[in-house]
Amino acid sequence: MSDGVANIGNTGVGKSSFVNAFRNISDYIQGSAKTGVEQTTMVPQEYPNDIFPEITLWDLPGIGTSEFKPDKYLEIVNFSRYDFFIIVSAGRFTLYDAMLALEIKKMNKRFYFVRTKVDQDMDNEGMRPNFSATQTLEQIRNNCLSNLKNKGIANPMVFLISRRHLNMYDFPKLHKTLADDLNDLKRPLLIMAMPAFSREHLQEKKAAMKKLILKKALKSCGVGAILVPGLSVAYDIHLLVSSMKEICKAFGLDEISLCNLAERIRKPVDVLKSAVQKTPMVSQIDSKFVLSLTTKFVTVASAMVVEEFLRCIPVLGSLVGGAASFATTYYMLKGFLEDAVEDAESVLAKATE
């Protein structure tokens, strides 16, 4: 069974930093992929997403050092286990990169080339007279494509990215390409797991979360059909608490995500927090919070009461109980999602001011 996204390449090209950017976390917090100018990844490191563990990133050791020779590398990292591969470079792609790509191709798996640290190139070239950002990016891209074709890679897919500016260059295009190439089961999870960098991406996240909410509501419906007094309400409250926390984290509204964003854009975290008006902090979401929401929505509260009463009636109680649980879960999560998206858009606007 395939197991996530593998990041590979030569030592020192920014693989670990790219993994952290993909996860929307700082390079320096606990649990981040280790970065540095020397070889820091000695064995394949697994980084499951905190919210959606089905989406796993792997930071593989750099190839070409004395510790990892090309002829043994594929065996050491167990290439066959991954969904697809991202081959990372901070400059010219090397012969080792091309060798890896050709081996991946033999396994009929997808691979993508990512050129990192583009912002540094742009800063350096920006000091030249008559600098053109468009022409410079085109030159970097053409150099990468020509280099790879000369090494035997036909029609390579190259994405230019900056770890510091995820909304710029090709990171949005990379995100879309990876999501399109995943299966139907993992696609919405990847969309939700990746950081939001534009209003368009927030809308993609919203659509993906709606699909997940529907699945959660169907689970609630199944539990609601079981004629055990109190079981459905207890399950629904637990499901609502965990799902609301999940939504907050997925849209970057939790404390850690806001701090990471503040560090990346170099703005006070309180400025970003001021944009969150409708969504509580994750630490504030508990059973009391969920029950307080039900009192605001008479329809939902009534449905819970009626559902418990009808459990005393066989068959009818099961049908009505399931329908009431579905409606309660779907309605409340959908409303919470709308608020979260609105707050996430406000945070994005603050971040880009």
Side-chain angles (χ1 to χ4, degrees), residues 49-55 179 182-194 196 202-254 278-280 282 284-344:
N49 185 269
D50 292 339
I51 318 169
F52 306 103
E54 299 90 339
I55 301 299
L182 273 178
N183 60 43
D184 291 340
L185 181 62
K186 288 188 176 181
R187 184 177 300 118
L189 299 180
L190 178 67
I191 293 173
M192 293 306 307
M194 292 184 70
L202 284 175
Q203 292 305 311
E204 288 182 22
K205 276 179 170 277
K206 180 180 179 180
M209 183 55 81
K210 280 186 175 180
K211 293 180 180 179
L212 296 180
I213 286 175
L214 179 59
K215 291 180 180 179
K216 293 174 184 292
L218 289 172
K219 287 183 180 180
S220 176
C221 177
V223 174
I226 302 173
L227 298 178
V228 177
L231 174 63
S232 178
V233 170
Y235 178 83
D236 286 348
I237 290 175
H238 173 76
L239 180 64
L240 288 168
V241 169
S242 61
S243 298
M244 288 176 181
K245 289 183 177 182
E246 190 176 279
I247 290 172
C248 281
K249 292 178 180 179
F251 284 86
L253 300 175
D254 60 299
K278 294 189 173 183
T279 313
V282 169
Q284 298 174 321
I285 301 176
D286 53 19
S287 57
K288 291 182 179 179
F289 172 76
V290 169
L291 289 172
S292 72
L293 289 182
T294 63
T295 61
K296 296 179 181 179
F297 302 104
V298 177
T299 303
V300 173
S302 300
M304 286 183 166
V305 174
V306 172
E307 177 186 351
E308 287 302 303
F309 173 76
L310 289 174
R311 288 185 186 284
C312 301
I313 307 174
V315 183
L316 176 62
S318 180
L319 293 174
V320 174
S325 289
F326 176 89
T328 298
T329 302
Y330 186 79
Y331 180 78
M332 291 189 67
L333 289 182
K334 186 172 179 293
F336 190 87
L337 174 62
E338 294 291 341
D339 288 345
V341 172
E342 186 174 330
D343 279 344

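All of these numbers come straight from a predicted model, not from anything done at the bench.
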Residues Phe336 and Met244: closest non-hydrogen pair is CE2-O, 3.4 Å
Mind checking what makes salt bridge (Lys or Arg N to Asp or Glu O under 4.0 Å) contact with Lys249, not counting sequence neighbours? none
Rounded to the nearest 0.5 angstrom, the CG-CD1 distance for Leu212 and Ile247 is 9.0 Å
Once side-chain contact (heavy atoms from CB on, under 4.5 Å) is applied, do any residues pair with Glu338, and if so which ones, sequence neighbours excluded? Lys206, Lys210, Lys334
Please determine whether side chain to side chain contact (heavy atoms under 4.5 Å, CB included) holds for the pair Ile213 and Ser243, giving the CA-CA distance in whole Å, both sets of side-chain angles, and the decisive distance to 0.1 Å. CA-CA 8 Å; Ile213 286 175; Ser243 298; over 6 Å; no
Residues two or more places apart in sequence or in another chain: which of them pass side chain to side chain donor-acceptor pair (under 3.5 Å) with Asp339? none
Residues which pass side chain to side chain donor-acceptor pair (under 3.5 Å) with Gln203, listed by chain and number, not counting sequence neighbours: Glu345
What distance separates Asp286 CG from Leu291 CG, expressed to the nearest 0.5 Å? 9.0 Å
Please report the interatomic distance OG1(Thr279) to CG(Asp254), rounded to the nearest 0.5 Å. 11.0 Å
If you compare all heavy atoms of Ser287 against all heavy atoms of Val241, which two are closest, and at what distance to 0.1 Å? N-CG2, 3.7 Å
Got a sec, which residues hit salt bridge (Lys or Arg N to Asp or Glu O under 4.0 Å) with Glu246, two or more places apart in sequence or on another chain? Lys216
Of all heavy-atom pairs linking Pro280 and Cys248, the shortest is O-SG, 3.7 Å
Gap separating the NZ atom of Lys278 from the CG atom of Leu253, nearest 0.5 angstrom: 13.0 Å
Rounded to the nearest 0.5 Å, how far does OG1 of Thr329 lie from CG of Leu214? 11.0 Å
Can you name the ring-ring contact (aromatic ring centres under 6.0 Å, His included) partners of Tyr330, sequence neighbours left out? Phe326
Quick one: are Gln284 and Phe289 in side-chain contact, heavy atoms under 4.5 Å? no
Ala250: what forms a side-chain contact (heavy atoms from CB on, under 4.5 Å) with it, not counting sequence neighbours? Ile51, Phe52, Met192, Met209
Residue list, salt bridge (Lys or Arg N to Asp or Glu O under 4.0 Å) with Lys245, at least two apart or on another chain: none
